[in-house]
There are 2 protein chains.
Amino acid sequence: MPPISPKDSPPTTERGRQRRDALLDAAQRLFLERGYGQVSVNDIVAQAGGSLSTLYRHFGNKEGLFQAMIERRSHHIYDTLTAEGVDELPIEAALQRLGIDLLIKVMDEETLGIYREVVAESPRQPQLARLFFDGGPGRVRRALADYFDRRARRRLMPTGGSVELAGIFLGMLLGEWHLIRVLQLESPPSRAAIEARVARCVTLFLHGTEDLSSGRSQ
Amino acid sequence: MPPISPKDSPPTTERGRQRRDALLDAAQRLFLERGYGQVSVNDIVAQAGGSLSTLYRHFGNKEGLFQAMIERRSHHIYDTLTAEGVDELPIEAALQRLGIDLLIKVMDEETLGIYREVVAESPRQPQLARLFFDGGPGRVRRALADYFDRRARRRLMPTGGSVELAGIFLGMLLGEWHLIRVLQLESPPSRAAIEARVARCVTLFLHGTEDLSSGRSQ
DNA sequence: AAGATAGTGTAGTCTACACTACACATTGAG
DNA sequence: CTCAATGTGTAGTGTAGACTACACTATCTT
């Protein structure tokens with residue numbers, strides 16, 4: 001009878017914590033490199049040093065290890081995105097800064113790897129989806145929506161639907177680029193290309209297509 | 001020595017075509033239901049009827065079958081989206097119609113399944129990524145960009161960057177919704193919800209946030 | 001009717017790998 | 001010192017599954 005919830009007991013001793021981290025590090029490297037299904041627990045132990053028994057003591061089974069790894073990651077990845085002091089900037093500059101930071105983070109090979117693995121495994125491990133979304137994309141959307149709400153309170157923009165608005169803006173930023181990078185159809189965009197795209201998105205978001213240059217709409 | 005390119009010879013006889021289609025149908029059902037790695041070729045044969053030998057004669061190996069299935073699918077899925085007569089409509093209506101059709105298609109469980117499988121397998125099967133993108137999302141982006149170009153030629157909107165603009169608009173439409181559905185975090189949106197979101201995106205795309213109601217930007 | 005072409009069915013090979021068993025080492029607390 | 005908990009190392013076990021071999025059948029063409 002396999003354990004329903006893998007026993008991810010907090011390590012008591014210092015040595016225990018080290019072994020646990022080594023296993024997580026190895027798991028991360030290998031899972032993101034080859035994909036969950038293509039990595040054996042033996043590979044991970046070989047990479048991490050230590051012993052198979054230890055792995056099973058800590059994580060219960062392969063899935064437990066995977067989830068622990070994803071959880072650790074999705075938290076740390078988006079921690080750099082805590083836009084602070086953003087309320088003092090004009091909205092153009094604020095969105096521009098957030099957009100650039102976000103695109104750089106999201107185009108990063110590690111972030112893309114996490115995304116691929118989560119999408120691939122989520123049908124079999126639904127907890128994974130929540131874990132990832134709430135720790136990553138969901139948190140960014142929340143933060144941006146809060147920013148919009150603060151502006152609305154200061155009467156700097158209309159009230160209401162801030163979460164949806166945030167989602168739309170984030171969608172604009174990623175657009176087709178994310179898919180293209182997830183599928184590895186093109187090489188990563190340069191810093192300059194990122195800045196240009198963000199600028200275009202910000203303008204579009206604030207003023208619509210009309211404002212791009214001349215031209216009237218039908 | 002495994003064949004480099006799977007022998008996907010076009011079936012000559014009628015009976016051959018039937019057997020081939022039956023295999024593809026079964027493959028599609030099972031792959032989308034359980035995921036590529038979780039389906040055995042024997043499962044597929046059992047579902048399709050016929051024989052293992054036939055499968056290998058047609059597709060060479062498991063990957064060949066998978067690719068043939070994805071190719072067939074990504075072509076047919078987006079065929080419904082050939083927006084015709086769209087040039088006669090005001091741009092609001094045109095974008096609205098396209099947006100609704102697209103969101104319905106993209107939120108469909110089958111389309112989401114294809115997406116998941118392609119993302120999951122693309123690192124191991126790079127041809128797959130191209131196949132999918134060019135047959136699906138890429139074609140939609142191309143079609144929308146062409147529409148923008150035609151409008152630009154009629155001086156109804158600014159010239160240039162139509163492909164990027166199309167990508168941005170499509171990104172707005174999907175936004176966070178796509179991820180949420182891919183990860184199955186929420187149930188499918190209602191028709192009404194889709195219409196509301198598309199309307200909001202179209203307004204935003206054409207006029208920016210300013211126009212949503214009152215409120216001035218900083 | 002005879003041979004080519006494609007489909008069937010079964011049985012089997014070979015390999016990979018999740019997970020376990022077990023005997024032994026290390027460490028730290030009382 | 002000792003005993004309990006934790007880590008190590010090796011050597012399995014059991015199973016699943018991709019792919020092959022082979023003997024046979026159905027159909028179609030000329």
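Bear in mind the structure is a predicted one, so any value in this text is a computation, not a measurement. Reminder, nothing fancy here: chain letters follow the sequence lines and each chain counts from 1.
Listed by chain and number, the residues in a side-chain contact (heavy atoms from CB on, under 4.5 Å) with B:V45 are B:L52, B:L55 (sequence neighbours excluded). Applying the salt bridge (Lys or Arg N to Asp or Glu O under 4.0 Å) criterion to A:R19, with sequence neighbours excluded, gives no partner residue. Considering only residues two or more places apart in sequence or on other chains, A:V140 meets the side-chain contact (heavy atoms from CB on, under 4.5 Å) condition with A:Y78, A:L81, A:L102, A:L170. The side-chain contact (heavy atoms from CB on, under 4.5 Å) search around B:A94 returns B:V86, B:L89, B:Y147, not counting sequence neighbours.
Note on the helix from C:dA1-D:dT30 to C:dG30-D:dC1: angle between the axes of the first and last five pairs equals 10°, rounded to 10 degrees.
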Considering only nitrogen or oxygen atoms on both sides, find all protein atoms under 3.5 Å from nucleotides 15-21 of chain C and state each distance.
from   : atom 1 : to    : atom 2 : distance (Å)
C:dA18 : OP1    : A:K62 : NZ     : 3.1
C:dA18 : OP2    : A:V41 : N      : 2.7
C:dC19 : OP2    : A:Y56 : OH     : 3.3
C:dC19 : OP2    : A:K62 : N      : 3.3

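Summarising the geometry, the separation between CZ on B:R19 and P on D:dT27 is reported as 13 Å, rounded to the nearest angstrom. Here the P atom of nucleotide C:dG9 and the CZ atom of B:R57 are 13 Å apart, to the nearest Å. Atom C1' of nucleotide D:dA18 and atom CZ of B:R124 are separated by 16 Å, given to the nearest angstrom.
Side-chain nitrogen and oxygen atoms of B:H58 include at least one within less than 4.0 Å of the OP1 or OP2 phosphate oxygen of C:dG7.
Among residue pairs with one or both ends in residues 164-189 of chain B, those qualifying as ring pair (Phe, Tyr, Trp, His ring centres under 6.0 Å) are B:Y115-B:H178, B:F169-B:F205; sequence neighbours excluded.
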Name the atoms and distances for all side-chain donor-acceptor pairs under 3.5 Å in residues 22-33 of chain B, with sequence neighbours left out.
from  : atom 1 : to    : atom 2 : distance (Å)
B:D25 : OD1    : B:R72 : NH1    : 3.2
B:D25 : OD1    : B:R72 : NH2    : 2.9
B:Q28 : OE1    : B:R72 : NH2    : 3.2
B:Q28 : OE1    : B:R73 : NE     : 3.4
B:R29 : NH1    : B:Q47 : OE1    : 2.8

Donor-acceptor pairs are to be reported for all side-chain atoms of residues 122-132 of chain A against protein atoms at under 3.5 Å, with residues two or more places apart or in another chain.
from   : atom 1 : to     : atom 2 : distance (Å)
A:S122 : OG     : A:V118 : O      : 3.3
A:S122 : OG     : A:V119 : O      : 3.3
A:R124 : NH1    : B:R34  : O      : 2.9
A:R124 : NH2    : A:A120 : O      : 3.1
A:R124 : NH2    : B:Q38  : OE1    : 3.3
A:Q125 : OE1    : A:Q67  : NE2    : 3.0
A:R130 : NE     : A:D134 : OD2    : 3.1

